[in-house]
There are 2 protein chains.
Amino acid sequence: MGNVNLDERTKKVLYAVVESYIEKPEPVGSRYIMKKYGFDVCSATIRNIMSDLEDEGFLYQPHTSAGRLPTDKAYRFYVDYIFEQCLKNQSEEIKKYIESLTKKLRKLRNNMNSLFLETTNSLSSVTRYLGLALLPETDKTALHRVDFIKFKEDYVIAVVVNDKGIVKNKIIKAYPEITQQELNKLAEFLNETYQGKAIDEIREDLFIRLKREKLFWDKLIEKILKICQQALYFTRENVYISGFYNIMHLPDFSSDIEKLREIAKTIQDRHLLIKLFDSISEEEEIKIIIGEENPMEEFRNLSIIASPYREKNKPLGLIALVGPKRMDYTKAIMFVREFANLLTNTLSK
Amino acid sequence: MGNVNLDERTKKVLYAVVESYIEKPEPVGSRYIMKKYGFDVCSATIRNIMSDLEDEGFLYQPHTSAGRLPTDKAYRFYVDYIFEQCLKNQSEEIKKYIESLTKKLRKLRNNMNSLFLETTNSLSSVTRYLGLALLPETDKTALHRVDFIKFKEDYVIAVVVNDKGIVKNKIIKAYPEITQQELNKLAEFLNETYQGKAIDEIREDLFIRLKREKLFWDKLIEKILKICQQALYFTRENVYISGFYNIMHLPDFSSDIEKLREIAKTIQDRHLLIKLFDSISEEEEIKIIIGEENPMEEFRNLSIIASPYREKNKPLGLIALVGPKRMDYTKAIMFVREFANLLTNTLSK
DNA sequence: TGTTAGCACTTATTAGGGGAGAGTGCTAAA
DNA sequence: TTTAGCACTCTCCCCTAATAAGTGCTAACA
């Protein structure tokens, strides 16, 4: 593995090929590169270099006597190359855009749903790629309040509000004898004992109680504790998706609708997206996944730029951009980073 | 307007043309019709009839010397023609499918979200068109319970559960002095007074109270009543969409992606869909809207089959199928009807 | 040894022509 | 009113030729 040892000039050529192809999705020729990037060697030399790059697996030809196209390895090289600069430089234009958006989002600070909807929409419409966002994992947030509502004989609706103001509800099958009054007391107990504690820890704690007190108390306690546990068990499910239509007209897909269909099918299935997100570490500032690097088959000819948003340095969730491998990475990286920051700031008030 | 006065034979030809075109999207020729439908006149006669039908606006030619294609008017004729039979006949196949689905859905009876998700998914995957469903309008359902939760100084989260077990929440800006205890009392008051009453009526009633008591009480009451009113104000927003990818490969769209993009854009914007649904009366058993008949421009080259599901004869919401005008109407109508019935039955327990 | 110029070769793309096929419209006869 | 016949129109497909882009290779060059 590794970038072998490419000399400076070779790197410049490789960079030029990738950049050119991102600009215009056509096989890149040696003469074109030479002229556009002002190499003062002749096209034959570039040709030799490109041939070497092909041997190294950075480029390939769609057919003999055609120009070259970048492989995933080339994209990876390109991204590694521009990455640093992306983080340093800040375009004035982006800054302004983010500023105006900040005001808009600040107003939605207390309504997570609208906040994330608006964020995903904006991210997609400004980049013209597919925008994704994942709400903070309810499990990891702190309990603000829980309420139980008896429903239809033998059901209980648990309403859980976390410290982000996100309201979740679960319908739990319970035994019929339990009354609303008892449920109120139960909720009161939970609220008093656990408000402000992380939800997954509460569940843990309840589990320990269950084990311990089972021996001393009757079945009732067991049942009640089970209700509580169920009430506080959440799988991640809130994914926001925006702008599929933005990627539909890209030349990368316009040739065959099948690819687009695959994507449409994939993004309809929230579980798949959550699996995708789960596979992305929330540690790195910005994670870039190119084509084959993707752990999930469904995204193998797409690229993903993801970044976590945080609160007090703790990652809460992710926002991401999905587009063709032939993506404008500079723009994408800059925007994803700014959007993640924006969310971080907005949530930290 | 009206179907002019077509004689039997002409009707049969028109029917045949539409049916043929639905089967295979190619211009339909006179000889083809004659042979396939066993007309015992020669093709020239059919040709004359088709020419007449063109004059009446039922058919058109993509170019001289090509076969004919149906216009919206022809589809309308066709649908009116088959409609009766669709309602009478019941294919054994569909019956079986619905039966097996019934069991599946019955288990989800108490979880509206899953129920509607599953319904829309099934409807789309069995018909291969785009499936839509609209949750019961919260406004028109009865209040089961309301809870207020103080959040972050000056916000109140109102959690409203209706008699369908649908949980809605609203974040309301309130004045900071109000305490959780006061909110609890307020909720208690509302629950005692209004449980089981229609939510829009409650709002109405609160409005009257507000007007009447404003004169006698202080600002506080006004504020509190306003919180209640806000808590109970819902715009319709829960639309379930499934199977966009199902319509992507249809020959009707494969020629130009732009059409598909339009659709993708439209269905992403929930408000547009709600506007669409709002324009569909919930009185008719089954509403069929073909192409230009559509009140909304975005759907002008699509057809929509919609049907309300009910509870005790009161329409609660709609499910619908969206597909190309060249749709398999028989199948679509049958399934939409069965699915609406299925929902009606499931909700009525 | 790396670089350049030149040239033959490959392949995709485009345009044009011709024939086949499908289907119509019209006319005249039944 | 229906039919048979026929000329006409248009699309579609195949074939060919020309064009253009770009490569790979070789031999000369610095």
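Each chain gets a letter, A, B and so on, in the order its sequence line appears, and its residues count up from 1. Atom set for the values below is all heavy atoms of this structure, side chains included, hydrogens, waters and symmetry mates excluded.
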Between A:N48 (CG) and D:dA27 (C1'), how many Å, whole number? 14 Å

Rounded to whole Å, NZ of B:K24 lies from C1' of C:dA22 at a distance of 12 Å

B:C42 side chain, from C-beta outward: closest of D:dT23, C:dT4, D:dT3: D:dT3

Report yes or no: is there a donor-acceptor pair, N or O only, under 3.5 Å between the side chain of A:R47 and the base of D:dG24? yes

By the definition side-chain contact (heavy atoms from CB on, under 4.5 Å), identify the one residue from A:I49, A:L53, A:L6 that meets it with A:K11. A:L6

Taking the cut-offs as 6.0 angstrom to the six-membered ring centre and 45 degrees off its axis, would you call B:K12 and B:F39 a cation-pi pair? yes

Taking the side chain of B:R68 as its heavy atoms from C-beta onward, which of D:dT11, D:dT23, C:dG25 lies nearest to it? C:dG25

Euclidean distance, atom CD of residue A:E8 to atom P of C:dG2 [Å, nearest integer]: 18 Å

Toward the 5' end of DNA chain D, which comes first, A:M50 or B:S43, by nearest nucleotide? B:S43

To the nearest angstrom, the NZ-P distance between B:K35 and C:dA22 comes to 10 Å

Would you indicate, yes or no, if D:dC10 has its OP1 or OP2 atom less than 4.0 angstrom from a side-chain nitrogen or oxygen of B:T64? yes

C:dG21 phosphate, OP1 or OP2, under 4.0 Å from B:R31 side-chain N/O: no

Is there a donor and acceptor pair, one atom on the side chain of A:S65 and one on the base of C:dT10, closer than 3.5 Å? yes

Could you tell me how far apart B:Y32 (OH) and C:dT24 (P) are, to the nearest whole angstrom? 13 Å

Roughly how many Å is it from CD in A:E26 to P in D:dT23, rounded to a whole number? 13 Å

Strictly distance-based, threshold 3.5 Å: is any side-chain N or O of A:S307 a donor or acceptor partner for the main-chain N or O of A:A340? no

Phosphate-side-chain proximity, A:S30 and D:dT23, N/O vs OP1/OP2 below 4.0 Å: yes

Given that B:T45 and A:P27 both sit by DNA chain D, which one's nearest nucleotide is further toward the 5' end? B:T45

Closest to the B:H63 side chain: C:dT4, D:dT3, D:dC10? D:dC10

Atom pair distance, as rounded to whole Å: OH in B:Y60 and P in D:dC10: 17 Å

Judged by each residue's nearest nucleotide on DNA chain C, which is more toward the 5′ side, B:A44 or B:G67? B:G67

Shortest non-hydrogen separation from A:A74 to A:L14 and the atoms involved: CB-CD1, 3.9 Å

Under 3.5 Å, is there a donor-acceptor pair linking the side chains of A:S43 and A:Y32? no

Closer than 4.0 Å, any side-chain N/O of B:R9 to the OP1 or OP2 of D:dT1? no

Contact under 4.0 Å: A:Q61 side-chain N or O vs C:dT10 OP1/OP2: no

